[in-house]
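Please read all numbers here as calculations on a predicted model, not as lab measurements. Note: hydrogens, waters and symmetry copies are ignored here, and every other heavy atom, side chains too, is used. Chain letters run A, B, ... following the sequence lines, proteins first, then strands; residues in each count from 1.
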Protein chains: 2
Amino acid sequence: MTEQATPSPEAIKAWARLMRVSRQLIEHAEEALKEGGLPPLAWYDVLHELAEVGEGGLRPFQLIERTLFAQYNISRLLARLEADGLVEKLPVADDGRGQTIRITAKGRDTRRRMWSVYGRSIAELVGAKLSVDQLNMVSALLGRLRHPPASD
Amino acid sequence: MTEQATPSPEAIKAWARLMRVSRQLIEHAEEALKEGGLPPLAWYDVLHELAEVGEGGLRPFQLIERTLFAQYNISRLLARLEADGLVEKLPVADDGRGQTIRITAKGRDTRRRMWSVYGRSIAELVGAKLSVDQLNMVSALLGRLRHPPASD
DNA sequence: TCTATATAGATGCAATTGCATTAACTCTGG
DNA sequence: CCAGAGTTAATGCAATTGCATCTATATAGA
């Protein structure tokens with residue numbers, strides 16, 4: 001656990017597992033969405049954040065903070081979402097540079113349909129593989145790898 | 001732990017942590033490599049596999065199995081690696097379609113230099129955050145999420 | 001107020017990825 | 001031996017990502 005230039009075998013193994021498993025899970029979920037004729041995971045992430053905050057919406061830079069997507073990525077993703085009528089861009093009164101992004105009814109509907117597929121993937125790939133205690137253990141351990149570390 | 005269409009809150013949280021943490025770690029490692037003027041992680045994955053098997057080399061389809069990259073992705077990645085002189089493509093005697101990919105001396109050197117940066121990231125981001133027992137716990141839990149599940 | 005600096009978001013262009021297809025070869029059954 | 005099916009790898013083209021830069025507005029300081 002001490003800082004080293006060369007990681008311990010245990011650290012390497014944990015890292016390798018994390019890389020491989022996350023890639024596999026993402027690929028599976030992405031594939032399930034595609035099979036359902038639904039948009040990719042990235043769209044879900046944004047729609048989810050927007051659905052959670054409701055009518056107030058979010059500024060693009062807030063979405064960047066929450067989703068970890070790059071600025072140019074969000075900019076273009078929002079353009080696509082808007083083109084599909086899933087979100088709307090509103091000017092913001094006290095800052096002429098900015099805009100507020102709000103999810104539309106169609107956006108909520110799409111998010112719901114995505115969740116029915118995405119949620120099933122989560123249930124199958126994670127929920128069905130570990131007990132509740134084990135899931136909590138995973139969350140806690142991964143929480144310590146997060147930046148900033150999670151307390152729980 | 002029973003199969004459900006809607007995942008438990010614990011499963012959702014574990015999934016969310018996994019997605020976020022893996023993204024963050026990859027981003028950090030990728031950034032460190034870039035700052036060192038080194039190629040991206042994907043190159044390391046391939047060079048690592050090739051370095052491990054030695055002079056015998058690997059067929060592209062074997063790299064696909066090991067790295068989980070898509071076929072077209074490997075095909076083009078190998079073209080770039082070859083263009084940089086990091087690997088060489090050899091015809092394979094008993095299968096006229098195929099080729100064997102072998103890492104070159106320059107490839108080994110690049111891999112080593114990448115590891116000096118990549119390894120440090122692993123040590124800092126994972127090794128320094130959890131005890132050996134915790135690292136083993138992470139590996140074991142994630143191993144059960146893998147497909148096929150790992151035994152250890 | 002005016003200038004310099006910082007922040008919000010968009011965009012041109014190059015590199016990469018994803019999708020579908022293709023080319024070349026191998027294998028199997030008749 | 002041959003036709004058909006399968007496997008291995010490459011590639012044309014569209015979509016996305018990454019990088020650097022740009023525009024517009026806001027804010028701080030002289």
Engineer: Rounding to an integer number of Å, can you tell me how far A/Phe69 CZ sits from C/dG9 P?
Structural biologist: 16 Å
Engineer: Taking N and O atoms by type only, does the side chain of A/Arg76 place a donor or acceptor under 3.5 Å from a partner on the base of D/dG18?
Structural biologist: yes
Engineer: What is the ring orientation for B/Tyr118 with B/Trp115, classed by angle as parallel under 30°, tilted 30 to 60°, or perpendicular over 60°?
Structural biologist: perpendicular
Engineer: Which comes earlier along DNA chain D counting from the 5' end, the contact point of A/Ala70 or that of A/Ala93, where each point is its nearest nucleotide?
Structural biologist: A/Ala70
Engineer: Return the value, rounded to whole Å, for the distance between atom CG of B/Asn73 and atom P of D/dA15.
Structural biologist: 19 Å
Engineer: Rounded off to whole Å, could you give me the CD-to-P distance for the A/Glu31 and C/dT17 pair?
Structural biologist: 18 Å
Engineer: Between B/Ile64 (CD1) and D/dT7 (C1'), how many Å, whole number?
Structural biologist: 11 Å
Engineer: Please report the distance, rounded to the nearest Å, between CG in B/Leu33 and P in D/dG18.
Structural biologist: 15 Å
Engineer: May I ask you to decide if A/Lys106's main-chain N or O and A/Thr110's side chain share a donor-acceptor pair within less than 3.5 Å?
Structural biologist: yes
Engineer: Toward the 5' end of DNA chain C, which comes first, B/Arg80 or A/Gly98, by nearest nucleotide?
Structural biologist: A/Gly98
Engineer: When you measure from the side-chain N and O atoms of A/Lys89 to the phosphate of C/dA8, is any distance below 4.0 Å, counting only OP1 and OP2?
Structural biologist: no
Engineer: Just how far, in rounded Å, is C1' of C/dT7 from CD of A/Gln62?
Structural biologist: 14 Å
Engineer: Just the rounded figure in Å: distance from C1' of D/dT27 to CG of A/Asp95.
Structural biologist: 11 Å
Engineer: Are A/Asp45 and B/Arg23 close enough, and set up right, to give a salt bridge (Lys or Arg N to Asp or Glu O under 4.0 Å), and what steps lead you there?
Structural biologist: CA-CA 13 Å; A/Asp45 289 347; B/Arg23 232 187 284 178; 3.1 Å; yes
Engineer: Of the candidate nucleotides D/dG18, C/dG18, D/dA10, which contains the atom at the shortest distance from the side chain of A/Tyr72?
Structural biologist: D/dG18
Engineer: Which residue lies toward the 5' end of DNA chain C, A/Arg97 or A/Lys34, if each is placed at its nearest nucleotide?
Structural biologist: A/Arg97
Engineer: Can you confirm whether more than 12 heavy atoms, excluding those of A/Met19, are under 6.0 Å from its CE atom?
Structural biologist: yes
Engineer: Tell me whether A/Glu82 is salt-bridged to A/Arg76, with the criterion being a basic N under 4.0 Å from an acidic carboxylate O.
Structural biologist: no
Engineer: Between A/Gln71 and B/Arg59, who's closer to the 5' end of DNA chain D by nearest nucleotide?
Structural biologist: B/Arg59
Engineer: Nearest whole Å is fine: how far is D/dT17 P from A/Leu68 CG?
Structural biologist: 15 Å
